[in-house]
Amino acid sequence: MELETFNISPDEIEKAMTPRTRAIVLAHLLGNPCEMGRIMAIARRHDLLVIEDACEAHGAEYRGRKAGGFGDMSTFSFFFGHHISTIEGGMLLTDDDECAELARTLRAHGWVRDRSDRDAIARGHPQIDPRYLFVNLGYNFRPTEVQGAFGVHQLKRLEGYVEARRENARYWSGQLAGLSPHLTCHSEREGTRHVWFGYPMLVKPSAPFTRAQVMAHLEEMGVETRPVLAGNIEEETVMRLVPYRKVGGLANARFIHRNAFYIGNHQGIGSEEREAVADYIRDFVVSRDGMVAGKASR
Ligand SMILES: Cc1ncc(COP(=O)(O)O)c(C=O)c1O
């Protein structure tokens with residue numbers, strides 16, 4: 001992982017590759033686009049599929065092109081905290097017809113009803129009622145029309161939502177810059193558009209407080225915090241059930257897992273709330289350090 005973005009590192013992708021590698025799966029974490037120029041070049045060079053998790057990156061851009069528009073497939077989540085929310089739900093994009101048909105089958109029990117080739121498949125199974133013709137394993141991931149209506153309505157407002165989040169992030173970055181001896185904040189990399197799903201921070205090991213302490217303080221003040229997911233997914237118990245191969249020591253992922261957290265960001269946060277959040281963080285750090293970090297004027 002890259003410490004500057006918490007995203008997958010193109011160098012580490014190259015190191016992890018074997019002749020059996022088929023795909024690169026990446027997440028544009030917290031709305032910060034991955035290094036897509038280098039990643040797509042690696043994919044082309046080795047003939048790999050690219051699957052983008054753009055769940056936290058609605059409207060994010062890399063060199064003028066939208067996150068989720070590079071790979072063979074990409075996913076978007078519309079769960080609560082996301083830029084667009086249908087309460088639960090999400091979207092899969094692909095320009096590959098075969099993937100699209102497969103997705104239509106998997107999302108609805110494995111039956112053929114939503115496939116464009118359903119009649120042709122049904123003709124091959126005249127003994128089975130085509131309404132209940134199952135050709136694959138499947139799930140029930142069908143969104144409702146009400147969710148669709150929520151989503152379509154918010155799509156028109158997405159740009160405004162993104163700008164509001166970007167404005168919050170600009171404010172926090174300005175206000176917290178003086179705390180850089182102890183807290184590292186993220187910034188927007190050149191040529192990208194960061195959409196700040198949340199606002200991440202990394203507590204330096206030399207800081208006179210721990211991540212747990214600053215998170216506990218913010219929670220006490222009514223500001224919700226989250227660790228960075230997945231950080232180092234290898235540390236999750238579930239990984240006992242997943243066969244995997246590891247290349248290198250995952251030092252950055254471990255570091256992020258232990259020391260990073262984020263606060264929520266949302267289009268509904270107004271200037272009063274974002275100022276209060278910055279004050280809570282600054283007051284906490286100053287109280288632990290004795291440093292003088294005045295409020296930045298803007
Ligand atoms: C990066 C990322 N991937 C995947 C998901 C899962 O999305 P959902 O909860 O809509 O299944 C989320 C949800 O927050 C996410 O942030």
Side-chain angles (χ1 to χ4, degrees), residues 1-2 4-9 12-13 23-36 39 49-62 66-94 99 102-104 106-109 138-152 154-155 158 161-162 165 168-169 186 192-201 224-236 238-239 242 244 252-253 256-257 260-268:
M1 285 171 88
E2 297 172 329
E4 306 71 38
T5 61
F6 300 168
N7 280 334
I8 193 166
S9 144
E12 299 299 321
I13 294 175
I24 300 170
V25 182
L26 57 87
H28 302 289
L29 213 66
L30 296 166
N32 201 357
C34 290
E35 190 46 61
M36 293 314 290
I39 292 173
L49 293 172
V50 174
I51 300 169
E52 294 178 77
D53 178 338
C55 286
E56 300 178 352
H58 307 178
E61 291 176 13
Y62 178 89
K66 290 271 186 284
F70 288 85
D72 298 276
M73 264 192 268
S74 58
T75 54
F76 290 79
S77 170
F78 301 141
F79 185 54
F80 275 146
H82 298 253
H83 301 72
I84 285 180
S85 171
T86 59
I87 304 175
E88 284 280 10
M91 177 171 81
L92 182 150
L93 304 187
T94 181
C99 289
L102 178 63
R104 288 188 192 106
L106 294 179
R107 82 169 170 195
H109 311 295
Y139 310 89
N140 183 0
F141 287 157
R142 290 170 299 173
T144 62
E145 292 195 354
V146 175
Q147 287 172 301
F150 284 166
V152 167
Q154 289 168 63
L155 199 53
L158 178 60
Y161 293 164
V162 166
R165 290 184 188 230
N168 289 338
H186 278 186
T192 67
R193 184 185 198 219
H194 192 330
V195 294
W196 302 98
F197 174 81
Y199 190 84
M201 283 163 268
E224 282 195 36
T225 61
R226 294 281 186 279
V228 170
L229 290 175
N232 180 13
I233 197 169
E234 197 195 26
E235 296 184 42
E236 292 285 350
V238 65
M239 292 306 285
V242 183
Y244 68 97
N252 285 359
I256 292 164
H257 200 84
F261 72 100
Y262 69 95
I263 53 170
N265 187 7
H266 193 265
Q267 48 271 13

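As the structure lists them, so they are numbered: ligands from 1, and atoms in each ligand from 1. Quantities reported herein were computed from a predicted structural model and do not represent experimental measurements. For the single chain, residues carry numbers from 1 onward in sequence order.
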Residue and atom name of the nearest protein heavy atom (relative to atom 3 (N) of ligand 1), distance in Å to one decimal: D53 OD2, 2.6 Å

H109 and R142 side chains, donor-acceptor separation under 3.5 Å: yes

Taking atom 16 (O) of ligand 1 as the reference point, the nearest protein heavy atom with its distance: E56 OE2, 2.5 Å

Which residue and heavy atom of the protein sit nearest atom 8 (P) of ligand 1, plus the separation: S77 OG, 3.5 Å

Polar atom proximity, E88 to ligand 1 (N or O, under 3.5 Å): no

Separation of Q267 CD from R165 CZ (nearest 0.5 Å): 4.5 Å

Atom 5 (C) of ligand 1: nearest protein contact (heavy atom, Å): C55 SG, 3.8 Å

Side chain, backbone, both or neither: the part of A27 lying under 4.0 Å from ligand 1 by heavy atom: neither

From OG (S74) to NE2 (H28), nearest 0.5 Å: 7.5 Å

Protein contact to atom 14 (O) of ligand 1 [nearest heavy atom, distance to 0.1 Å]: H82 NE2, 2.9 Å

Geometric class of the H83/H58 ring pair [parallel <30°, tilted 30-60°, perpendicular >60°]: tilted

L93 CG to C99 SG distance, which is reported to the nearest 0.5 Å: 12.0 Å

Within 6.0 angstrom of E234 CD, more than 12 heavy atoms from elsewhere: yes

Contact atoms of ligand 1, heavy-atom distance to G89 under 4.0 Å: 10 (O)

Atom 11 (O) of ligand 1 protein-contacted (non-hydrogen atom, under 4.0 angstrom): no

Beyond-backbone contact of H186 with W196, side-chain heavy atoms, under 4.5 angstrom: yes

